[in-house]
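Beneath this line is the structure, given in structure tokens, with notes to follow.
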Amino acid sequence: MIVISNLHKRFGDLHVLKGVSLTVEKGKVVVIIGPSGSGKTTLLRCLNALELPTEGSVQIGEVKLDFSARGRVDKAEIARLRRQTGMVFQSYNLFPHMTALQNVMEGPVTVKKENPDSARAKAVSLLTKVGLADKLDHYPAQLSGGQQQRVGIARALAMDPQVMLFDEPTSALDPELVGEVLKVMKELALEGMTMVVVTHEMAFARDVADEVIFMDQGVIVEHGTPEQLFTRPREERTRQFLQLLQ
Ligand code: ADP
């Protein structure tokens with residue numbers, strides 16, 4: 001479902017991604033862990049071309065973008081790649097002047113030109129799925145952080161993405177609200193959604209990930225099953241990082 005090949009990203013002189021390659025099979029959940037500044041968010045943002053890689057290629061489903069010949073990647077191709085993915089951010093980025101229902105309907109109606117009645121029905125069903133059937137007409141300010149993030153997940157799902165990308169979705173939440181968001185993410189994983197998740201929630205990684213990737217200084221240092229990576233890390237850098245978490 002996802003093939004990333006030799007991805008590089010530079011911000012001026014700063015070489016943030018230094019040749020990242022990764023394959024994710026359909027229906028699998030990959031969790032990316034690593035120290036702050038190691039390039040996790042940048043990798044995720046390159047996956048849907050929110051950042052344009054300096055070199056390398058990204059394929060999601062049928063859409064492949066080769067950034068080696070930069071300048072030849074046109075806007076229509078970037079839009080096609082982006083439509084393959086749904087992204088959930090640390091800050092929920094909901095439209096404050098729209099209700100939960102309107103937030104979830106907005107993309108399908110304005111971007112995908114879906115019929116408003118069917119978009120509404122789908123939005124109701126998605127908000128019900130994330131446990132917010134009784135909050136359809138609430139505005140973001142009337143919702144807790146956990147509820148807002150669940151609206152964010154429903155909104156991303158409303159665009160029918162092939163892949164869901166999560167960038168530290170629970171980092172901004174009060175501890176007691178983290179669980180309700182992780183539960184929705186786990187349900188999504190069990191339904192077979194292909195997911196790439198940047199998170200510090202190691203219990204979630206152990207429980208839900210098919211594969212855990214440890215990144216440091218712009219490279220994938222090692223990857224493996226949660227069992228391998230957490231209990232038998234091969235690399236010293238991974239060991240040190242995991243020790244710091246204990
Ligand atoms: P992580 O998610 O692992 O904490 P990031 O991908 O956010 O790491 O950042 C990796 C490095 O890239 C950091 O040094 C960060 O300051 C830098 N960086 C990220 N985005 C930008 C940007 N838009 N412009 C310049 N530097 C950036």
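Indexing begins at 1, ligand by ligand and atom by atom, following the structure's order. For the numbers below, each heavy atom of this structure counts, side chains included, while hydrogens, waters and symmetry mates do not. It should be emphasised that the depicted structure is a prediction, and the values quoted were computed from it without experimental measurement.
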About how many Å separate CG of Asn103 and NE2 of His138, when rounded to the nearest 0.5 Å?
14.0 Å
Counting heavy atoms only, which of Thr42, Val16, Leu14, Asp167 is nearest atom 6 (O) of ligand 1?
Thr42
With a heavy-atom distance limit of 4.0 Å, tell me whether Thr41 approaches ligand 1 through its side chain, its backbone, both, or neither.
both
Looking only at protein heavy atoms, what sits closest to atom 3 (O) of ligand 1 is Lys40 NZ, 2.8 Å
Can you check whether Glu168 has an N/O within less than 3.5 Å of an N/O in ligand 1?
no
Does the protein come close to atom 10 (C) of ligand 1 - that is, does one of its heavy atoms sit below 4.0 Å from that atom?
yes
Decide whether Met87 and Ile32 are clustered together by the hydrophobic rule: side chain heavy atoms of Ile, Leu, Val, Met, Phe, Trp, Tyr closer than 4.5 Å, transitively.
yes
Say whether Val88 and Val24 are linked into one hydrophobic cluster, either directly or through other cluster members, by side-chain heavy-atom distances under 4.5 angstrom.
no
Heavy atom under 4.0 Å from ligand 1: found in Val198's side chain, backbone, both, or neither?
neither
One finds that the ligand 1 atoms under 4.0 Å from a non-hydrogen atom of Ser38 are 1 (P), 3 (O), 8 (O)
What is the nearest protein non-hydrogen atom to atom 1 (P) of ligand 1, stated with its residue, atom name and distance?
Gly37 N, 3.4 Å
Take a 6.0 Å sphere around NZ of Lys28 and say whether it holds more than 12 heavy atoms from other residues, nucleotides or ligands.
no
Surrounding CZ of Arg237 (heavy atoms of other residues, nucleotides or ligands, distance under 6.0 Å), is the total greater than 12?
yes
Treating Ile, Leu, Val, Met, Phe, Trp and Tyr as nodes and any side-chain heavy-atom pair under 4.5 angstrom as an edge, say whether Tyr139 and Val151 lie in one connected cluster.
no
Among all protein non-hydrogen atoms, which one is nearest to atom 8 (O) of ligand 1, and what is the separation to 0.1 Å?
Gly39 N, 3.1 Å
Crowded around Lys122 NZ? As in, over 12 foreign heavy atoms under 6.0 Å?
yes
So is there a nitrogen or oxygen of Phe11 less than 3.5 Å from a nitrogen or oxygen in ligand 1?
no
If the contact criterion is a heavy-atom separation under 4.0 Å, does Pro35 count as touching ligand 1?
yes
Does atom 16 (O) of ligand 1 have any protein heavy atom closer than 4.0 Å?
no
Cluster check Val198, Val219: I/L/V/M/F/W/Y, side chain < 4.5 angstrom
no
Mind checking whether Gly34 has a heavy atom under 4.0 Å from ligand 1?
no
Could you see if Leu173 belongs to whatever hydrophobic cluster contains Phe204? Use Ile, Leu, Val, Met, Phe, Trp, Tyr and a side-chain cutoff under 4.5 Å.
yes
